[in-house]
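Presented below is the structure to which this report refers.
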Amino acid sequence: MLIFFQELCLQLFLWLLQLIDGLMEIFSAIAGVTNVRVNGQSVNIIEYLAGNSTVGTIFWCIFILAVGLTCIFTIVGLVKNMIANNRNISSIVGKFFLALLGTMAMLAVVFFGILIANSLLQLLARIFQIDNSNKLSNALFNACVGNWINGYNINKINVTSLSVSDIFGGYNAALFGVWPTSWKCNGMVNPNTFMYLPALISSIALGIALIIAILNLAKRVYEIIYLYFCMPVSMSTLPLDDGARFKNWREQFVTKIILAYGAVLSVNVFVLLLPLIQSMSIPNVGSFGNSVFTIFMIVGGAMVIPAGQTLFARLFGTADDMHAGGGWLRSAYYGGRVASAMTIGLAWKGVKGIAHAVRHNRHSNNNGDGSSDSDSSDSGGDDGKYTDEASGAEGGGE
């Protein structure tokens, strides 16, 4: 029975590793490390969306709208200056032309900035591939192996292409070859030393971390195009606020561009340190304690993947709302906890109410037979009482 359970755990682990590899491919494409295919062409997702003809047409329509807004804001600035007289008229008019020319200049800066940022991002990903060509699934599997046998190691296999029988080998069986008794240890890994619990917990935690990181990166793609459309409008307020709105736009745009750097860096740091973590052990602690140590280190490293985006953005002093993407997952989690607690509380109150009604009904049925006797005795007592009172009253009258 134990052998069946071990095979089931390993099969679940292999399915989770395949999911992790698929999430990593999606992660690389959305981050811009690898290209996506559109109409048979290999393109970068951000560069393709920003350079699309439809997106360009909408941008120029917004630019024409921003020109009108610039004229309006210039007139408002002149009126305010006539009242407050704290600015030079030539400065306001100069900001008007600067807003128009600055929008054209920023358009080129945005495109060149996206191209340079994507090139540096791909270079950063290649740097971490030096002497570390293993996939994330192989690295995680190697951290949970325990002991390799028969001359195998992680560099000779692709774990997601193997089956349970390939990894564990065969087993000795009894009852006409149906019931397993012991492992033959003729596979790649010793089944008795494989860390099943750390494997399942770490793979689930890593999958959740990658999903949150992918959601943040997918949100980043839409936000970059959104900021691209908002750029002319932010420049149009230049005659009115001396560039305060454009400064906010610039900080947000830089944050969204470098957001992918934090995600790619955190994933590669996790893959780089994972084999080193696997080789560590705490002295004077049993196998279970070291398994728990491995779980904590792997799950803690997985938590850094979505948190690395926020950390990298804050290192450059850019404020960013990083609760989105993973925030709705956390909200759903805590909301589910609250809903569950409320449901359990209502169910418990309902059970208590039903129990109280049943007890009251039983009490009423038990007292139903003696109710007539008690009523007659009560009425007799009342008659005697009234008779005594009546006689007392007559005696008083006499």
Side-chain angles (χ1 to χ4, degrees), residues 28-36 38 41-71 73-74 94-125 216-265 309-310 312-322 324-325:
S28 300
I30 296 180
V33 176
T34 59
N35 293 336
V36 297
V38 179
Q41 297 180 350
S42 181
V43 295
N44 183 276
I45 185 171
I46 299 294
E47 296 174 7
Y48 172 76
L49 293 176
N52 184 264
S53 59
T54 304
V55 174
T57 302
I58 295 175
F59 174 83
W60 289 115
C61 292
I62 296 176
F63 174 75
I64 295 173
L65 175 63
V67 172
L69 292 175
T70 305
C71 296
F73 290 139
T74 302
K95 294 292 178 62
F96 169 78
F97 291 102
L98 182 61
L100 299 180
L101 297 177
T103 302
M104 304 299 297
M106 284 303 302
L107 179 62
V109 170
V110 166
F111 275 103
F112 281 110
I114 291 175
L115 292 174
I116 295 173
N118 289 334
S119 300
L120 293 177
L121 185 64
Q122 294 174 1
L123 178 61
L124 176 65
N216 283 328
L217 290 176
K219 173 174 170 286
R220 164 186 174 264
V221 173
Y222 291 95
E223 288 176 336
I224 288 177
I225 303 302
Y226 180 86
L227 291 172
Y228 174 62
F229 287 149
C230 292
M231 187 260 292
V233 180
S234 67
M235 289 290 295
S236 66
T237 62
L238 192 62
L240 185 62
D241 59 7
D242 292 330
R245 300 296 178 270
F246 176 71
K247 180 181 178 182
N248 294 335
W249 177 90
R250 182 191 63 198
E251 291 179 352
Q252 289 294 324
F253 186 78
V254 172
T255 299
K256 302 307 176 184
I257 290 295
I258 68 174
L259 195 64
Y261 285 84
V264 173
L265 185 63
Q309 300 171 346
T310 310
F312 197 84
R314 288 176 179 173
L315 286 176
F316 286 86
T318 53
D320 185 40
D321 182 14
M322 284 301 300

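A distance of 10.5 Å separates OG1 in T74 from CG in L69, rounded to the nearest 0.5 Å. Remark: F111 CZ to L115 CG distance equals 8.5 Å, nearest 0.5 Å. Remark: Y228 OH to I46 CD1 distance equals 13.0 Å, nearest 0.5 Å. We find the CZ-CD distance between F246 and E251 to be 11.0 Å, quoted to the nearest 0.5 Å. For the atom pair CD of Q252 and CD1 of I224, the computed distance is 11.5 Å after rounding to the nearest 0.5 Å. The NZ atom of K95 sits 10.5 Å away from the OG1 atom of T237 when rounded to the nearest 0.5 Å.
Although no hydrogens or angles enter the test, the distance criterion places no donor-acceptor pair under 3.5 Å between the side chain of R245 and the main chain of S234. Judged by distance alone, with hydrogens and angles left aside, the side-chain atoms of Y261 form a donor-acceptor pair with the main-chain N or O of A117 at under 3.5 Å. A distance-only check finds a donor-acceptor pair linking the side chain of N118 to the backbone of I114 [under 3.5 Å].
Between F63 and F59, the angle of the ring planes stays under 30°, which puts this pair in the parallel group of the 30/60° scheme.
What you find for V233 and A66 is that their closest heavy atoms are N-CB, 4.1 Å. Between A31 and R220, the closest heavy-atom pair is O-NH1, 4.0 Å. Across P239 and T70, no two heavy atoms sit closer than the pair CG-CG2, 4.2 Å. The heavy-atom pair separating A50 from V55 by the smallest distance is O-CG1, 4.2 Å. In terms of heavy atoms, A29 sits closest to I45 at O-CG2, 3.5 Å. Between N44 and G32, the shortest heavy-atom distance links the atoms ND2-O, 3.2 Å.
Counting heavy atoms from C-beta on, the side chains of I30 and V221 come closer than 4.5 Å. By the 4.5 Å heavy-atom criterion applied to side chains, M104 and M235 are not counted as neighbours. Annotation: side chain of V43 is not in contact with side chain of N35 (no heavy-atom distance under 4.5 Å). M106 has its side chain out of reach of F253: every pair of non-hydrogen atoms, C-beta onward, lies at least 4.5 Å apart. Between L107 and W60, the closest side-chain pair of non-hydrogen atoms falls below 4.5 Å.
Atom CZ of F229 sits in a crowded spot, with more than 12 heavy atoms from other residues, nucleotides or ligands closer than 6.0 Å.
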